[in-house]
Amino acid sequence: MTDASETALVLFSGGQDSATCLAWALDRFARVETLGFDYGQRHAVELDCRQKLLEGMKDLHPAWAERLGENHTLAIPTLAEISDTALTRNVAIEMGEGGLPNTFVPGRNLVFLTFAAALAYRRGVTHIVGGMCETDYSGYPDCRNDTIKALESALQLGMDKPFRLHTPLMWLDKAATWGLAHELGGSGLVDLIREHSHTCYLGERGARHDWGFGCGECPACKLRAKGWREYAARAA
Ligand code: ZN
């Protein structure tokens, strides 16, 4: 399904999922570029984690260091302007209408993947990798496999390029995502992601838990903690 002579562009926020996706791409493609978005999110700390993860991945495998290419950042302040969410404003995280938490930024993944495709087009890249996941997706409709498939078709048509949107985590739960990291890079990669990836919605590094840093109370921290416990139990 992938060509080992080709380049991939990975949506890389600095979180657990995107860090695992980056390792997945480094394992498969000849060259890998990364893309992060700055849209005024509360957890700008996540963007700071990116650099440590990139450096760490280079140290893990000489082959990965050779394959890792440019790291792009795109600022999309407009996304914060048009959304009123707990990720971009200083409000409490709660459930909103339709069972969606107010961390939902409407259309965020559609915007991210479209910008990624535009950048990929310019750089002659057709493989785009993202950490969207339908298993632990908090009900975000733009994480669904059907959404990604529809967008892949739209991007192929709209830019007249054979784009492939790869979502290696689509059917994995958080415990299985840790398992995939172990498969790809052993305990060195698991430790790197645990220590330096950032998932907390509140942007807190705070206390060091067995699953990494974070407030421990927000939905993202709870999901990550639950996944780590299940992974650790399976590995034991
Ligand atoms: Zn948290």
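Whatever order the structure lists ligands and atoms in, that order sets their numbers, starting from 1.
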Between F37 and F112, how do the two ring planes meet: parallel, tilted or perpendicular, split at 30° and 60°?
-> parallel

Please tabulate, for the side chains in residues 63-71, all donor-acceptor contacts under 3.5 angstrom to protein atoms that are two or more places apart in sequence or on a different chain.
from, atom 1, to, atom 2, distance (Å)
R67, NH1, L26, O, 2.5
E70, OE2, R123, NH2, 2.7
N71, OD1, T34, OG1, 2.9
N71, OD1, R50, NH2, 2.5

Would you please test L9 and H72 for side-chain contact (heavy atoms from CB on, under 4.5 Å) and show each step?
-> CA-CA 10 Å; L9 178 65; H72 310 269; 4.2 Å; yes

Side chain to side chain contact (heavy atoms under 4.5 Å, CB included) partners for A225, two or more places apart = W211, R229

Mark yes or no for whether T167, through its side chain, and M132, through its backbone, hold a donor-acceptor pair below 3.5 Å.
-> no

Let me have the donor-acceptor pairs involving side chains of residues 11-19, under 3.5 Å, with sequence neighbours excluded, atom names and distances please.
from, atom 1, to, atom 2, distance (Å)
S13, OG, G15, N, 3.2
S13, OG, S18, OG, 3.2
S13, OG, E46, OE1, 3.2
D17, OD1, K174, NZ, 3.0
D17, OD2, K174, NZ, 2.6
S18, OG, S13, N, 3.0
S18, OG, G14, N, 3.2
S18, OG, G15, N, 3.4

Report the protein N/O/S neighbours of the Zn ion (ligand 1) that fall below 2.8 Å; do not count waters.
-> C200 SG, C215 SG, C218 SG, C221 SG

